[in-house]
Asker: 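Just dropping this structure here.
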Protein chains: 2
Amino acid sequence: MKMNITIKDVAKKAGVSISTVSRVINDSKPVTDEVKQKVLDVIKETGYIPNPLARSLVTKKSQLIGVIVPEVSDSFVNEILNGIEEIAKMYDYDILLANTYSDKEQELKSINLLRAKQVEGIVMISWILDEDHINYIQNCGMPATYISKTARDFDIYTVSTSNKEATYDMTNYLIGKGHEKIAFVMTSQDDTVLEMERLSGYEKALSENNINLDNSLIKHGGTTYEGGYKSMKELLEDGIIPHAAFVTGDEAAIGAINAICDAGYKVPEDISVTGFNDVKIAKMYRPKLTTVYQPLYDMGAVAIRMVIKLINKEPIDGKKIELPYRIIERESVIERKK
Amino acid sequence: MKMNITIKDVAKKAGVSISTVSRVINDSKPVTDEVKQKVLDVIKETGYIPNPLARSLVTKKSQLIGVIVPEVSDSFVNEILNGIEEIAKMYDYDILLANTYSDKEQELKSINLLRAKQVEGIVMISWILDEDHINYIQNCGMPATYISKTARDFDIYTVSTSNKEATYDMTNYLIGKGHEKIAFVMTSQDDTVLEMERLSGYEKALSENNINLDNSLIKHGGTTYEGGYKSMKELLEDGIIPHAAFVTGDEAAIGAINAICDAGYKVPEDISVTGFNDVKIAKMYRPKLTTVYQPLYDMGAVAIRMVIKLINKEPIDGKKIELPYRIIERESVIERKK
DNA sequence: CTGAAAGCGCTAACAA
DNA sequence: TTGTTAGCGCTTTCAG
């Protein structure tokens with residue numbers, strides 16, 4: 001368990017040159033079996049580990065990928081992170097993590113910071129994406145993927161699920177269950193693209209079923225627990241009692257359910273509620289949450305795989321990857337009695 | 001936004017030697033204001049960023065700290081991670097994350113892997129700690145802190161909260177509420193130290209109140225949601241209906257509550273339940289969970305700060321840091337009617 | 001197949 | 001105060 005054994009030490013001890021040692025550890029060039037074995041023995045004996053810093057310096061490959069996230073403790077984020085981490089390790093990459101707390105400044109700064117740290121690529125998760133982000137990502141001079149619920153219209157690599165369709169489907173599902181007055185609690189105001197995609201899915205389903213759009217049913221509360229709670233509370237306090245609430249985030253949905261319960265109503269008996277993402281807690285909460293399943297782990301896996309491919313200049317089929325979603329029926333929605 | 005500008009380029013452009021440039025970027029040695037300004041200008045103009053790899057190679061400081069965790073998506077873990085990340089950044093360190101999925105092999109391997117990656121120190125979170133871990137940590141040749149719910153008796157740096165006392169207090173609290181038949185659902189069998197500490201706290205409280213220890217009330221189900229659910233289900237199916245259940249983990253506690261509800265009992269009316277950790281979900285679930293608060297963020301912050309101090313050979317007061325805990329009374333425990 | 005030597009970008013003596 | 005130079009540990013020509 002010593003340190004500081006260098007390639008030199010190994011070379012000397014094995015009676016060969018350092019280039020030969022280098023060749024065997026990378027098997028980059030042919031080496032006689034005999035010599036090879038000898039070197040291998042010495043390596044094992046001394047416990048030599050090549051210094052990746054020195055290696056990176058010459059190869060210009062740091063084996064590092066930067067991951068920018070709003071917050072590790074967000075369940076949407078950390079389930080994705082699991083996928084990122086595992087695949088990265090599989091390809092011998094390490095992850096440099098940057099928490100931004102959804103601060104745009106921080107997000108932009110992180111890109112530079114990570115680049116300075118010599119990462120070879122970047123995976124970014126962010127709730128909100130505007131032109132500054134796009135510019136930064138496009139000009140950062142290295143492979144970058146953006147994991148999002150949206151961003152289909154920007155010319156950057158993204159992995160996502162189809163929001164418009166998912167929102168449309170879920171709204172339809174709710175309508176199919178007899179609900180007409182459907183509250184829609186979504187991300188905060190500033191996220192224009194996601195906003196539009198989701199809203200259009202919601203509106204489309206409504207109009208196809210000849211239900212008038214009622215703007216007072218739409219809330220921009222954000223996707224946090226608190227946001228969901230507050231939005232629903234406001235709705236109820238304004239005397240608006242929807243048949244169902246479609247909350248575009250599981251934690252927010254649970255916040256909404258709690259707000260409903262605190263106001264003396266019952267879920268799903270009085271008001272049905274659905275979430276989005278199918279995060280761990282969706283199964284743990286009671287009533288179990290009916291929600292839109294997204295393959296979070298896979299989204300992370302695909303995104304990191306994409307940057308690795310980009311780094312290695314492997315062919316990629318398309319800049320946009322959309323992963324499938326599906327509605328998971330659990331207990332928070334029931335048929336409305338008319 | 002170009003790359004590949006090196007210290008040489010800056011030196012040439014500023015008409016000085018590279019050492020002078022090095023001096024101004026590190027302000028390690030005095031440089032004439034005039035020259036300094038000139039260099040600074042060129043740096044700004046070219047957008048030069050020093051290559052940390054090259055720097056690390058010579059200074060032997062990678063500015064990297066390895067963090068070994070069972071799983072990022074565990075809420076106990078990621079709330080700690082927030083603290084680690086933030087403080088690390090504050091001291092200009094980056095985090096190399098290693099997920100182990102609680103596999104001992106992986107944990108041990110990760111220590112070596114991270115060392116190979118030239119991290120200057122390690123923070124490790126692990127549910128279970130045995131002598132192999134201790135040996136590895138002690139012999140890894142670099143500063144390491146262990147964040148745990150236990151490990152007071154090992155000669156390594158740890159940050160934790162006092163388990164025995166917390167368990168004792170919570171048990172007493174439950175007894176004070178009139179509960180006598182108190183189920184105790186804890187970590188899985190193999191975690192001897194934590195096991196002992198917690199059990200002894202539980203037993204102490206019981207015996208001081210003249211309540212006989214009933215081993216059939218003790219379950220080693222682990223701290224996952226599933227573990228808690230299963231343990232409680234088994235208990236109930238064995239015809240054991242406790243007055244209260246003390247589950248040493250919030251997610252597991254919620255699992256237990258669900259098992260109780262699924263069996264047709266009510267929480268807290270029929271059975272009171274408490275958790276441990278006060279993780280985010282404890283406030284989100286209904287009934288809100290009565291639990292033992294632990295300063296998770298602070299635990300991470302303290303641990304990483306400790307490692308950084310160790311790296312810089314700053315003085316440290318004691319190898320063991322115990323952070324305060326406290327019982328948070330919410331809704332999952334009520335007074336037992338006799 | 002193997003070794004010598006150059007150099008990755010930087011810091012840190014050592015001179016000047 | 002500044003420049004020159006020798007490495008840090010490694011990979012990679014280039015000869016042999």
Side-chain angles (χ1 to χ4, degrees), chain A residues 2-43 46-64 92 94 115-120 141, chain B residues 2-43 46-64 92 94 115-120 141:
Chain A
K2 292 169 268 172
M3 286 223 66
N4 299 331
I5 303 130
T6 76
I7 197 170
K8 259 187 194 164
D9 303 324
V10 177
K12 202 187 302 174
K13 201 153 190 175
V16 296
S17 76
I18 60 166
S19 8
T20 304
V21 177
S22 173
R23 274 161 202 144
V24 351
I25 58 186
N26 300 306
D27 57 31
S28 44
K29 288 269 168 94
V31 175
T32 330
D33 278 353
E34 196 185 3
V35 178
K36 189 177 201 165
Q37 197 49 57
K38 173 106 201 188
V39 173
L40 253 22
D41 287 347
V42 176
I43 288 178
T46 54
Y48 165 70
I49 305 170
N51 182 334
L53 258 43
R55 176 180 286 168
S56 298
L57 190 57
V58 20
T59 59
K60 265 96 177 56
K61 297 197 89 282
S62 63
Q63 298 297 127
L64 250 32
D92 210 33
D94 268 280
R115 196 192 24 211
K117 295 275 181 183
Q118 307 299 114
V119 300
E120 296 178 42
Chain B
K2 292 169 272 175
M3 286 223 66
N4 300 329
I5 304 130
T6 75
I7 197 171
K8 258 186 192 162
D9 303 324
V10 177
K12 201 187 301 174
K13 200 153 190 174
V16 296
S17 75
I18 60 167
S19 12
T20 304
V21 177
S22 173
R23 273 163 201 141
V24 351
I25 58 187
N26 300 306
D27 56 30
S28 43
K29 289 269 168 92
V31 174
T32 329
D33 278 353
E34 195 185 3
V35 178
K36 190 177 199 166
Q37 197 48 56
K38 173 110 202 187
V39 174
L40 253 22
D41 287 347
V42 176
I43 289 178
T46 55
Y48 164 70
I49 305 170
N51 182 333
L53 259 41
R55 176 181 285 165
S56 297
L57 191 58
V58 18
T59 59
K60 266 98 178 57
K61 297 197 90 281
S62 62
Q63 296 298 125
L64 249 32
D92 210 33
D94 267 280
R115 198 195 19 213
K117 296 275 180 183
Q118 308 298 114
V119 301
E120 296 178 42

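Every chain is numbered from 1 and lettered A, B, ... according to where its sequence line falls, protein lines coming before strand lines.
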Asker: For B/Leu53 and C/dC10, what is the distance between atoms CG and P respectively, to the nearest whole Å?
Answerer: 10 Å
Asker: Counting just side-chain N and O atoms, does B/Thr6 come under 4.0 Å of either OP1 or OP2 of C/dG9?
Answerer: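 Result: no.
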Asker: OP1 or OP2 of C/dC10 less than 4.0 angstrom from a side-chain nitrogen or oxygen of B/Lys8, does that happen here?
Answerer: no
Asker: Take the C1' atoms of the five end pairs on each side of the helix from C/dC1-D/dG16 to C/dA16-D/dT1, get both axes, and report the angle to 10 degrees.
Answerer: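 The end axes of the helix from C/dC1-D/dG16 to C/dA16-D/dT1 are about 40° apart, to the nearest 10°.
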Asker: Quickly work out the B/Lys61 NZ to C/dC10 C1' distance and round it to whole Å.
Answerer: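 The answer, rounded to whole Å, is 16 Å.
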Asker: Going 5' to 3' on DNA chain D, which nucleotide is the first and which the last to come under 4.0 Å of a heavy atom in chain A?
Answerer: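 It runs D/dC8 to D/dT13.
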Asker: Can you confirm whether B/Asp33 sits close enough to B/Gln37 that some side-chain heavy atom of one is under 4.5 Å from a side-chain heavy atom of the other?
Answerer: no
Asker: What verdict does the side-chain hydrogen bond (donor to acceptor under 3.5 Å, both in side chains) test give for B/Ser19 and B/Ser22, after you've listed the backbone C-alpha separation in whole Å, the side-chain angles of each residue and the deciding distance to 0.1 Å?
Answerer: CA-CA 5 Å; B/Ser19 12; B/Ser22 173; over 6 Å; no
Asker: Is any side-chain N or O of A/Ser17 closer than 4.0 Å to OP1 or OP2 of C/dA4?
Answerer: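 No, no such contact exists.
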Asker: Within the 4.5 Å heavy-atom criterion, are A/Asn51 and B/Leu57 side-chain neighbours or not?
Answerer: yes
Asker: A/Ile49 versus A/Ile5: any side-chain heavy-atom pair under 4.5 Å?
Answerer: no
Asker: Is any side-chain heavy atom of B/Val10 less than 4.5 Å from a side-chain heavy atom of B/Thr6?
Answerer: no
Asker: Quick one: side chain to side chain contact (heavy atoms under 4.5 Å, CB included) partners of A/Pro50, sequence neighbours excluded?
Answerer: A/Ile25, A/Tyr48, A/Arg55
Asker: Are there over 12 heavy-atom neighbours, none belonging to B/Lys61, within less than 6.0 Å of that residue's NZ?
Answerer: yes
Asker: Mind checking salt bridge (Lys or Arg N to Asp or Glu O under 4.0 Å) for B/Lys13 and listing every partner two or more places apart, or none if nothing turns up?
Answerer: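 With sequence neighbours excluded, B/Lys13 shows a salt bridge (Lys or Arg N to Asp or Glu O under 4.0 Å) to B/Glu45, given in chain and number order.
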Asker: What integer distance in Å separates A/Lys38:NZ from C/dC1:C1'?
Answerer: 18 Å
Asker: Mind listing the N/O atom pairs, protein and nucleotides 12-16 of chain C, below 3.5 Å?
Answerer:
{"from": "C/dA13", "atom 1": "N6", "to": "B/Arg23", "atom 2": "NH2", "distance (Å)": "3.3"}

Asker: Who passes side chain to side chain contact (heavy atoms under 4.5 Å, CB included) against B/Asp94, sequence neighbours left out?
Answerer: A/Leu96, A/Lys117, B/Leu64
Asker: Without swapping roles, check the side chain of B/Gln118 against the backbone of B/Ser62 for a donor-acceptor pair under 3.5 Å.
Answerer: no
Asker: Does any N or O in the side chain of A/Thr46 come within less than 3.5 Å of the main-chain N or O of A/Val42, such that one atom is a donor and the other an acceptor?
Answerer: yes
Asker: Map B/Lys60 and B/Val16 onto DNA chain D by nearest heavy atom, then report which one ends up closer to the 5' terminus.
Answerer: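 Its nearest nucleotide being more 5', the pick is B/Val16.
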Asker: Assign A/Pro52 to base, sugar-phosphate, or nothing according to its heavy-atom contacts below 4.0 angstrom with the strands shown.
Answerer: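 Nothing, no nucleic acid heavy atom in range.
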Asker: Round to a whole Å and report the spacing from CG of A/Leu57 to C1' of C/dC10.
Answerer: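 A/Leu57 atom CG is separated from C/dC10 atom C1' by 8 Å.
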